[in-house]
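Encoded as structure tokens, the structure appears first; notes follow it.
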There are 4 protein chains.
Amino acid sequence: MTAHGVGIRVDHTAHIPPYEQIRAQIAELIAVGRLVRGDRLPSVRQLAADLGLANNTVVRAYRELESAGLVRSRRGSGTEVVAPASAFDAGARLAEQADAYAAAVRRLGASNEEALAAVRHALAVSEGG
Amino acid sequence: MTAHGVGIRVDHTAHIPPYEQIRAQIAELIAVGRLVRGDRLPSVRQLAADLGLANNTVVRAYRELESAGLVRSRRGSGTEVVAPASAFDAGARLAEQADAYAAAVRRLGASNEEALAAVRHALAVSEGG
Amino acid sequence: MTAHGVGIRVDHTAHIPPYEQIRAQIAELIAVGRLVRGDRLPSVRQLAADLGLANNTVVRAYRELESAGLVRSRRGSGTEVVAPASAFDAGARLAEQADAYAAAVRRLGASNEEALAAVRHALAVSEGG
Amino acid sequence: MTAHGVGIRVDHTAHIPPYEQIRAQIAELIAVGRLVRGDRLPSVRQLAADLGLANNTVVRAYRELESAGLVRSRRGSGTEVVAPASAFDAGARLAEQADAYAAAVRRLGASNEEALAAVRHALAVSEGG
DNA sequence: GTGGTCTAGACCACG
DNA sequence: GTGGTCTAGACCACA
């Protein structure tokens, strides 16, 4: 499997730089096991073209993934995943997201019931996506 | 009530610019009703000092809030909230957060049950905070 | 005659500081002869109250008029006009305004005919004011 | 056509802040159709250097034009006009200037005849410029 | 004391 | 090269 087609997106309205959005999404794909050791990432040019970005932007994302030890770029053969998914704890990552949501709930002053209802609804909707 | 002490924070590791973090947090405090019409924001210099930022950074955050019609700054007499909390739809904001959480759940490949359990736990923990 | 009631205004949306707006308007009233040698300006407190400004703002306007030799403040007796209208050349001031208008016409790319028609209309309308 | 060389000026004696002078002049150039959709503004650094200002001052002018929907800035590729001239009503703008002139005429106590003669003269002189 | 603007220069993200 | 943000400190206008 390659990362091509796994749905990497960049949001130009966010204040987070595109290179970082790419990096984080690929890191997560690896964390979750959707990209495993040996999988090849899309080529820099390919991904840049798909996202409407300059090559350098993708190059930088890949470079940071490499220096984090998640992927390895070899000349002539592209970039491939070297870290096992087990390097991450998916449960911990889910807990992280849940914590962020709980914090938002508190800021907004919503009750636990409202918070859970909102999640149930969002999950139901996202099921189709 | 004044905004002094309501706990505005800036995260220097985030890729979001400080002025935008400040703007968003104050907007949310107003949205949620923790800051209401007539409340005064901390002075530019005060907040800048508290957050370890240059005055200009806070000035910019306040300016953007002003051009969004949320606050009003007057020379010599500070900056105060002019928008009622009702200018916002708290339900919509909660739904937004829930959607973001659901999206993360999907990326992480967790089940709905796991997702809800994680939220219940996070809410329980955050109750004390 | 006093300046009280001659219609001094400040525009808070303009980028020109209030003290300067006041100074310019009084200078013009003198230039045109609507305020003549011996006339008293409204008191600082009076004018400040009328305009919704701090006393200091009016004080500054008067100070600048004084250092321009147009008025004189004496303790106990307020501020009065000392310059004769003849210190100014009303014709030159009209020409200045006309030049400014002509420049705007050029910037806007309007024809001389359009420009004159617009002035005729504006003059007709202002006749009633 | 580019804005380079269209003659943006800042008047340091005016009480209007430079960023606002720049903003207003560019807005007017667009309004009048001298800058049209797709035209590129001079680069921030170029214009700042031409005008003897700090980069930030120009950045702010451009930012305000962008949030008004008149131009669009993109990292790496400059700032370009996105609003059509038709977004403005040139007639209204001429009328505005004429009104300002008429107001000055009234303040100066000049007659309509004098006022029109002054405009005719100013227009004749400005014809060459 | 308050907010507003500007400078000079730094570093970052992007093409 | 482009624009975007921040700093540190200055001066101004205003209450």
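Naming convention: chains lettered A, B, ... in sequence-line order (proteins, then strands); numbering from 1 in each chain.
- In this structure B/R75 satisfies the side chain to side chain donor-acceptor pair (under 3.5 Å) test with no other residue, sequence neighbours excluded.
- Judged as a side chain to side chain contact (heavy atoms under 4.5 Å, CB included), and not counting sequence neighbours, the contacts of A/S73 are A/E66, A/T79.
- Partners of A/S43 under the side chain to side chain contact (heavy atoms under 4.5 Å, CB included) rule, at least two apart in sequence or in another chain, are A/R45, A/Q46.
- Between B/S77 and F/dA15 there is no side-chain polar atom (N or O) within less than 4.0 angstrom of OP1 or OP2.
- Counting to the nearest Å, the C1' atom of E/dG4 and the CG atom of B/L65 are 16 Å from each other.
- Stem analysis of DNA chain F (Watson-Crick or G-U pairs, both distances under 3.5 Å, runs of at least three) returns E:1-14 with F:1-14.
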Considering only distance and modelled atom types, tabulate donor-acceptor pairs under 3.5 Å from the side chains of residues 18-29 of chain C, sequence neighbours left out.
unit_1: C/Y19; atom_1: OH; unit_2: C/R60; atom_2: NH2; d: 3.2
unit_1: C/E20; atom_1: OE1; unit_2: C/R23; atom_2: NE; d: 2.9
unit_1: C/E20; atom_1: OE2; unit_2: C/R23; atom_2: NH2; d: 2.9
unit_1: C/Q21; atom_1: OE1; unit_2: C/D11; atom_2: N; d: 2.7
unit_1: C/Q21; atom_1: NE2; unit_2: C/D11; atom_2: O; d: 3.0
unit_1: C/Q21; atom_1: NE2; unit_2: C/I16; atom_2: O; d: 2.8
unit_1: C/Q25; atom_1: OE1; unit_2: C/R9; atom_2: N; d: 3.0
unit_1: C/Q25; atom_1: NE2; unit_2: C/R9; atom_2: O; d: 2.5
unit_1: C/Q25; atom_1: NE2; unit_2: C/Q21; atom_2: O; d: 3.4
unit_1: C/E28; atom_1: OE1; unit_2: C/R93; atom_2: NH2; d: 3.2
unit_1: C/E28; atom_1: OE2; unit_2: D/R107; atom_2: NE; d: 2.3
unit_1: C/E28; atom_1: OE2; unit_2: D/R107; atom_2: NH2; d: 3.4

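- For the atom pair A/D50 CG and A/I8 CD1, the distance stands at 9.0 Å (nearest 0.5 Å).
- Atom CZ of D/R45 and atom P of E/dA8 are 15 Å apart (whole Å).
- Using a 4.0 Å cutoff on non-hydrogen atoms, the parts of residues 10-18 of chain D near DNA chain E are D/P17, D/P18, ordered by number.
- Closest non-hydrogen pair, B/P84 versus B/R37, comes out as CD-NH1, 3.8 Å.
- When the P atom of E/dC12 is taken as reference, atom CZ of D/R74 falls 25 Å away, rounded to whole Å.
- Heavy atoms only, all atoms of each residue included: C/A83 and C/G69 are closest at CB-O, 3.9 Å.
- What separates CD of D/E80 from P of E/dG15 is a distance of 14 Å, to the nearest Å.
- D/R72 is linked by a salt bridge (charged side-chain N to carboxylate O under 4.0 Å, His left out) to nothing, counting only residues two or more places apart in sequence or in another chain.
- Taking atom CD of B/E66 as the reference point, atom C1' of E/dG3 lies 10 Å away to the nearest angstrom.
- Rounding to whole angstrom units, CG of residue A/L51 and P of E/dA13 are separated by 18 Å.
- Scanning residues 52-64 of chain B for heavy-atom distances under 4.0 Å to DNA chain F yields B/G52, B/L53, B/A54, B/N56, B/T57, B/R60.
- Checked against side chain to side chain donor-acceptor pair (under 3.5 Å), D/E96 has no partners two or more places apart in sequence or in another chain.
- Every residue two or more places apart in sequence or in another chain was checked for a ring pair (Phe, Tyr, Trp, His ring centres under 6.0 Å) with D/Y62, and none qualifies.
- The closest side-chain heavy-atom distance from D/L108 to C/Q97 is below 4.5 Å.
- Between B/L41 atom CG and E/dT2 atom P there is a gap of 13 Å when expressed in whole angstrom units.
- For D/Y19 and E/dT5, the shortest distance from a side-chain N or O to OP1 or OP2 is below 4.0 Å.
- Remark: P of F/dG4 and CZ of D/R72 are 12 Å apart, rounded to the nearest angstrom.
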